[in-house]
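Note sheet for the following structure.
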Amino acid sequence: MIKEILTAAAVPSQEARFPDPPELHAVYFDSVTADGPDIGPSRIFVHDGTVELYAPTTAAGNEARRRICAELDARSIHYTTQGWYWLSDIRRYQEIIEFTYIEKT
């Protein structure tokens, strides 16, 4: 679902690593905990999503963050953002967005 959210927000993204990325992009991670009945397969999956948003300027990043957060809001997913900070080695701003959602099968 994380890739779906970022695609809907029109933010280029890759899971775990983005070789040769555009100036504005996201790298995302999906940590999953499986749960369910004592006997039988897992039926409940808790996803802890992390999106690292990279942008050349905070203005471009704020617009991308707004679109991502709008997609999270549309899915009723609560999230936390950590604020922008400058990464001098790659000359980009980064902001991290974290959220949790539950998938039931």
Side-chain angles (χ1 to χ4, degrees):
M1 178 188 298
I2 299 171
K3 180 69 171 183
E4 176 185 310
I5 290 167
L6 294 170
T7 299
V11 175
S13 64
Q14 292 289 331
E15 186 172 15
R17 182 175 175 262
F18 202 143
D20 197 28
E23 284 193 347
L24 176 70
H25 68 282
V27 175
Y28 65 92
F29 305 90
D30 186 10
S31 176
V32 181
T33 302
D35 202 350
D38 291 339
I39 298 174
S42 298
R43 301 263 190 254
I44 300 170
F45 302 93
V46 178
H47 296 259
D48 290 316
T50 302
V51 173
E52 296 177 355
L53 180 59
Y54 297 91
T57 65
T58 56
N62 285 337
E63 176 57 27
R65 182 188 63 210
R66 185 196 60 75
R67 293 192 312 265
I68 293 169
C69 292
E71 292 298 326
L72 292 167
D73 287 339
R75 292 165 175 80
S76 299
I77 297 174
H78 299 271
Y79 56 87
T80 303
T81 62
Q82 295 183 4
W84 292 106
Y85 52 94
W86 177 248
L87 300 172
S88 59
D89 57 333
I90 62 169
R91 303 188 49 80
R92 300 272 191 300
Y93 289 94
Q94 180 189 48
E95 182 166 24
I96 296 175
I97 304 167
E98 297 174 305
F99 52 90
T100 299
Y101 68 94
I102 298 172
E103 175 186 19
K104 298 177 185 177
T105 61

Any chain of hydrophobic side-chain contacts (each under 4.5 Å) joining [X] to [Y]?
X      : Y     : answer
Ile102 : Val32 : no
Leu72  : Ile96 : no
Trp84  : Val27 : no
Val46  : Phe99 : no
Tyr28  : Tyr79 : yes

State, to 0.1 Å, how close [X] and [Y] come at their nearest heavy-atom pair, and which atoms those are.
X     : Y     : value
Pro21 : Phe18 : CD-O, 3.2 Å
Thr81 : Cys69 : CG2-SG, 4.5 Å
Ala55 : Ala60 : CB-C, 4.4 Å

Would you give the length of the straight line joining atom [atom1] of [X] to atom [atom2] of [Y], rounded to the nearest 0.5 angstrom?
X     : Y     : atom1 : atom2 : result
Asp35 : Ile44 : CG    : CD1   : 5.5 Å
Met1  : Thr7  : CE    : OG1   : 13.0 Å
Leu53 : Leu6  : CG    : CG    : 8.5 Å

Open item on the list: Listing request: all ring pair (Phe, Tyr, Trp, His ring centres under 6.0 Å) pairs with a residue in residues 34-60, at least two apart in sequence or in separate chains.
Closed with: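 Every ring pair (Phe, Tyr, Trp, His ring centres under 6.0 Å) pair that includes a residue of residues 34-60, provided the two are not neighbours, is His25-Tyr54, His47-Tyr101.
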| Okay, side chain of Arg92, backbone of Ile90: is any donor-acceptor separation there less than 3.5 Å? |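 Between the backbone of Ile90 and the side chain of Arg92 there is a qualifying donor-acceptor contact (under 3.5 Å).
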- Answer yes or no: is there a donor N or O on one side and an acceptor on the other, between the side chain of Lys104 and the main chain of Arg43, under 3.5 Å?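 Between the backbone of Arg43 and the side chain of Lys104 there is no qualifying donor-acceptor contact (under 3.5 Å).
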Set out, in order, the CA-CA distance, both residues' side-chain angles and the distance that settles side-chain contact (heavy atoms from CB on, under 4.5 Å) for Ile68 and Ile97, then state yes or no. CA-CA 9 Å; Ile68 293 169; Ile97 304 167; 4.0 Å; yes
Is any side-chain heavy atom of Ile5 closer than 4.5 Å to a side-chain heavy atom of Ile77?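 Yes - at least one pair of side-chain heavy atoms lies under 4.5 Å apart.
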Within 6.0 Å of CG in Asp89, more than 12 heavy atoms from elsewhere
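Yes, because the 6.0 Å sphere around CG of Asp89 holds more than 12 heavy atoms from other groups.
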task = Scan Glu95, Glu52, Glu98, Gln94 and name whichever one has a side chain to side chain donor-acceptor pair (under 3.5 Å) with Gln82.
result =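 Among Glu95, Glu52, Glu98, Gln94, the one meeting side chain to side chain donor-acceptor pair (under 3.5 Å) with Gln82 is Glu98.
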* With the threshold set at 4.0 Å, does a side-chain nitrogen-carboxylate oxygen contact exist between Glu71 and Arg75? ->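 Yes, this pair counts.
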| query | Excluding sequence neighbours, so at least two apart, what forms ring-ring contact (aromatic ring centres under 6.0 Å, His included) with Tyr93? | reply |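 Scan of Tyr93 (ring-ring contact (aromatic ring centres under 6.0 Å, His included), adjacent residues dropped) gives Trp86.
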* To do: Could you tell me which residues satisfy side chain to side chain donor-acceptor pair (under 3.5 Å) with Glu23, sequence neighbours excluded, listed by chain and number?
  =>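 Checked Glu23 against side chain to side chain donor-acceptor pair (under 3.5 Å); zero matches.
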